[in-house]
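Here is the structure we will look at.
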Amino acid sequence: MNRTTLIVVAIVAALFAVSWIAHAVSMSGQKDNVVDAFMLTMAAFLTLAIFSFLYRDNPFYKFAEHLFVGVSAAFWMCQGFWSTIVGNLIPRLSEGLSGFFQVPYQASSWNFAYWIPVILGLMLLMRLTKDYGWLSRWPLALIVGTTAGLNFVRYLRSDFIVQVSATFMPLLSNESHPWEGFGAFLSNLNLAATGQLVTIVANWVIFLGVICGIIYFFFSKEHTGIFGRASRVGIWILMITFGAGFGYTVMGRISLLVGRITFLFKDWLQIIS
Amino acid sequence: MKYKILIVGMVLLFGLSSVWAQSEPEESDSVVIDSAELFPAPVSDIKLSDKPNDHGHAVVVTWEPSADDGGGKNNVVQYEIYWSTSFDGPFDTAGVVPSGTREFEHVGSKDPDDPKYIPDNTDLFYQIDVVTADPLIRTTSGTEGPVQCSGQWYNTGRTPVLIAVLIFGLLTAVFVTSARKGRKLYVRPIGGIEAVDDAIGRATEMGRPILYVLGLGSAADVATIASFTILGRVAKRVAEYQTELIVPTYDPIVMSVAQEVVKSAYYDAGRPEDYKEDIVHFVTQSQFAYVAAVNGTMLRELPATNVYMGKFFAESLLLAETGSLAGSIQISGTDEIAQIPFFIVACDYTLIGEELYAASAYLGREPKLLGSLKAQDWAKAAVVILAIIGLIAANLGWDSFTNLFQVVD
Amino acid sequence: MRRQIPFALVFIFGFFMIFQFFVPHETSEFFYEFLLDWIIVIGIFALALGIWSLFKVSVEKIKLGKEGAQYSYVTLVGLFLMMAFGFTQKTGEGWGLYFLWIVLCGACIVALMRLRASASAGSKRMWGMMALGLLIGAVLVAIFDDAWAFYFYTQEGLSNSMFRDFFDYIMMPILATMFALLAFYIASAAYRAFRARNLLASLLLLAALLVMSRFNPFLPGAEYVAKASNWLMNVPNMAAQRAIVIGIGLGIVGTALKVILGIERGYMGKG
């Protein structure tokens, strides 16, 4: 650490202490005011530490990052242990263990089957040994096989059959705007969202858009000639969609920033109420 | 004081007189006769059947509505359906539906301890009450039954999916076999794929590592499985060039699989001695903690190339922008549609949706993997043809064709 | 044999899942639910592997004295603290010597890390003695202090207030701030898109600008901008989304089938 870093760290530490003491004093009379004031100051410090990354990588960011990694890894470990293992597995596994962890035992004639994932889980832990590491592939195979089968039929239905049938749509008329003949169509040329022309144009754009988009995703045929042109229209429509998606997200992201700034100024500095 | 008593007395008298004036006609006999006439006509033609295509424990009840529902006295508000395991009752509420309805699915629980449990293969009896705005004015139908419910062994509503499974399976088998026999398959150039090999060469020249991010998916996500194949290819080239590889992971099972993949890639490249278990390491299973750590790695290790392949969520832009600021060449691929725009903007090459799967087949460098790509293309051609036929069908009102694609649950 | 059994398992379970999709009967549903439960349980065991990997990498960094090794202590201490909070519970009114126990354990971990990293026999002995002393102290506090106890479970789940505080005041602020950074990143990404000079990038940018300005009432013709962006979201966007979804669906289906049939084996390694 060079001199400048030391000075900056010292100033930040001093500010931290001031904030801690100030909050503890303002909360005096409340239970655990010293701990609460420390935690609130810590939250503000960590918020600023993460924001400092916008300037560049620095010791404060590194501290917040490493702390976050350690704390969150342990958090999920504890959650998983208490809610899944103790909350759901142990009550089905054995009466003795349920008694030890003070959870109600759920008797069932199929409870023995819950020993299988325990054995598979232990096989997974065999990775840590040199000679029996290959055993860990069995539980992995179970997971990959089961989910591959599940995804295979699930996506064939939701992303293929359902989407294909959604493309079947009338291009000249629909239930709310039955086809009234060319005369009526031409005499009613307006761009109102409810007009027949708008509906028809929209249906054509969707239909051709889907076809061109699919053609872009053809891999085993050269994209030349008409096929190439359709594929090019396909990528244009894809890009318009990605642009729209980008624009759509901007507002949501900015509101998140507003939320953090509110925390700093309202909860920590108490400048705004 | 006197005035006060006088006023209170007058108010009381006034109030009492108005109450008496209102209550008087209600006591007359004619009202009783009216309310008897208010009782609605009962439902007719109650039909009971087992709910099809399910695991059992459910009955479908249909009926012809009361004559006073939408006509006659027009005072029906709702129907209340009751059920029992015996003809004589007692009957429990199965459900309530608004007037105008003529069908009710009584779906129960399969757990015998659940109060909503409906037993399979047991006689069940039903009654339907026609109810008016006044819950006391109602007409009960006769008891209907028995009916029994049971689970089915085949879901007929999913036949279109079964046909699709068979056709797709057959297409894959045909093209994989023909690829195995040595038939050459053309695959169109995909920008990101060509870039992978160049990027590894660049990292070697610069003496900097390659960062491979598998995303937030679990080993259950097919995008992650596709990413494993690409990782295998990258790891093999990295081992050959003796470049450094960093693979931080979010999911411990993904970590285990990735370790297997990288290890065997190093063996294949003939450099098992260079393999270290820490190349693929676990960070944490918290989305933003993972991002914070990977961002830190990008700025401290300064990788020449960052590869993002798999499932990504809100963190996609945080990763890709940081990598871009650090000056790394970036190649990305995901099937999360909402994240593709951010990758396109911040990365040098982006594999869009299905291109990720195509890249995995392509980089696997095995002809049989490409065989299935051909099957996918045929399926897409089928989509285009079906869409055109479907379009004509929808315009001409051929419902029998469009109905073929209706998947019922 | 070692290579074949995993692929056989993939085939059996993959095929079963396809089969059960078409069989609504209770028996098939029963096995389906069992399998999904098993996967969750195996996942928790895997988490132990993950924690071990994180621990090992941090220790390795300290041992090799890599740049920024001191931050690995932060990770390890954070990991230990949260674990300790997750497995202990206050039993009485006050915390007693709980925090002393936490400090002793944390210091013991640091001493053990120093022990691993130290090169000379003298410093090894010093850190070893210190770690042992701290460990004995921690054990004594754990035995004789009645204000708190190991292991707890209540109907509400984890109820150590320190565990919740660490979640609320350490994890949440960092998490929310990381998320909030996206506002800056999206602005910088938009700037990057502005500089792109080809047709595809321009299309993306134009669409983005149009949709971004849909809520802006100050623009001339705001009403038409809103209408145009709505049309963009409902028509071309819908078409492209459908094309991408069909493509992705086929990609997933094709890859899943290759996995089940054992054609795609890249995910399993060799060795």
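Both backbone and side-chain heavy atoms feed into the values below; hydrogens, waters and symmetry mates do not. Numbers restart at 1 for each chain; the letters A, B, ... are given by sequence-line order, proteins then strands.
Residue B/L166 qualifies as enclosed at atom CG: its count of foreign heavy atoms under 6.0 Å is above 12. Atom OH of B/Y349 is surrounded by 12 or fewer heavy atoms from other residues, nucleotides or ligands within 6.0 Å. Annotation: B/R183, atom CZ; neighbour count of heavy atoms from other residues, nucleotides and ligands within 6.0 Å does not exceed 12. The environment of B/K263 atom NZ is sparse: at most 12 non-hydrogen atoms of other residues, nucleotides or ligands sit within 6.0 angstrom. B/W378 CH2: 12 or fewer foreign heavy atoms inside a 6.0 Å radius. Heavy-atom contacts from other residues, nucleotides or ligands closer than 6.0 Å to OH of A/Y132 number 12 or fewer. Within 6.0 Å of OH on A/Y248 lie no more than 12 heavy atoms contributed by other residues, nucleotides or ligands.
Counting only distance, with no hydrogens or angles, the side chain of B/D377 and the backbone of A/F219 share a donor-acceptor pair below 3.5 Å. No side-chain donor-acceptor contact under 3.5 Å links B/Y290 to the backbone of A/V69. One N or O on the side chain of A/N151 and one on the backbone of B/A220 form a donor-acceptor pair closer than 3.5 Å. Looking at B/K380, its side chain never comes within 3.5 Å of a backbone N or O of A/I215 through a donor-acceptor pair.
With no hydrogens or angles considered, a side-chain donor-acceptor pair links A/Y216 and B/E355 at under 3.5 Å.
B/I225 touches chain A through its side chain: at least one heavy atom from C-beta onward sits under 4.5 Å away, while N, CA, C and O do not. Heavy atoms closer than 4.5 Å to chain A are found in the side chain of B/T322, but not in its backbone. Only the side chain of A/R253 comes within contact range of chain B, judged by heavy atoms closer than 4.5 Å. For A/T249, the part lying under 4.5 angstrom from a heavy atom of chain B is the side chain only. For A/Y61, the part lying near chain B is the side chain, with the backbone staying farther off; criterion is any non-hydrogen pair under 4.5 Å. The contact between A/L140 and chain B is made entirely by side chain atoms (from C-beta outward), counting heavy-atom distances below 4.5 Å. If you measure heavy-atom distances from A/V164 to chain B, the contacts under 4.5 Å come from the side chain alone. If you measure heavy-atom distances from B/L370 to chain A, you find no contacts under 4.5 Å at all. In this structure, the portions of B/A314 lying under 4.5 Å from any heavy atom of chain A include both its backbone and its side chain. Contact annotation for B/L185: neither backbone nor side-chain heavy atoms come within less than 4.5 Å of a heavy atom of chain A.
Of the listed residues B/L317, B/V165, B/I337, the one with more heavy-atom pairs under 4.5 angstrom with chain A than any other is B/V165. Ranking B/I389, B/L325, B/I344 against chain A, the residue ahead of the rest is B/I344, based on heavy-atom pairs under 4.5 Å. No other option in A/A73, A/A148, A/G70 has as many heavy-atom pairs under 4.5 Å with chain B as A/A73. Interface check for chain A: of the options B/I190, B/L373, B/I340, B/I388, the most heavy-atom pairs under 4.5 Å are formed by B/I340.
The distance from the CG atom of A/L128 to the CD atom of B/E277 is 8.5 Å, given to the nearest 0.5 Å. Rounding to the nearest 0.5 angstrom, the gap separating the CD1 atom in A/I214 from the CD atom in B/E354 is 9.5 Å. Separating the OG atom in A/S220 from the CD atom in B/Q376 is a distance of 9.5 Å, to the nearest 0.5 Å. Between the CG atom in B/L299 and the NZ atom in A/K62 there is a gap of 9.5 Å [rounded to 0.5 Å].
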> Under the side-chain contact (heavy atoms from CB on, under 4.5 Å) criterion, do A/M77 and B/Q285 qualify, and how do the steps go?
Replying inline: CA-CA 9 Å; A/M77 180 74 215; B/Q285 212 163 18; over 6 Å; no
>> Apply side-chain contact (heavy atoms from CB on, under 4.5 Å) to residues A/Y155 and B/V222 and explain how you reach the verdict.
In response: CA-CA 11 Å; A/Y155 282 93; B/V222 186; 5.8 Å; no
> Please walk me through it: do A/E222 and B/R188 pass salt bridge (Lys or Arg N to Asp or Glu O under 4.0 Å)?
Replying inline: CA-CA 6 Å; A/E222 263 184 276; B/R188 78 160 160 86; over 6 Å; no
> Hey, mind stepping through B/F168 and A/F152 against side-chain contact (heavy atoms from CB on, under 4.5 Å) and telling me if it holds?
Replying inline: CA-CA 11 Å; B/F168 195 81; A/F152 178 68; 4.3 Å; yes
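Closest heavy-atom contact between A/E65 and B/A293: OE2-CA, 3.5 Å. The heavy-atom pair separating A/R127 from B/S256 by the smallest distance is NH2-O, 3.4 Å. Residue A/I161 comes nearest to B/P160 through the heavy atom pair CD1-O, 3.6 Å, listed as atom of the first residue, atom of the second, then distance. Here the closest non-hydrogen pair linking A/F68 and B/S286 is CZ-OG, 4.0 Å. Pairing each heavy atom of A/S72 with each of B/T284, the nearest pair is OG-OG1, 2.8 Å.
Among residues 230-243 of chain A, the residues having any heavy atom closer than 4.5 Å to a heavy atom of chain B are, in sequence order, A/I235, A/M239, A/F242.
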Donor-acceptor contacts under 3.5 Å from residues 248-255 of chain B side chains, at least two apart:
unit_1	atom_1	unit_2	atom_2	d
B/T249	OG1	B/H281	O	2.9
B/D251	OD1	B/I253	N	2.7
B/D251	OD1	B/V254	N	3.1

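Cation-pi geometry between A/K221 and B/Y186 is not met: the NZ or CZ atom fails to fall both under 6.0 Å from the ring centre and inside 45° of the normal.
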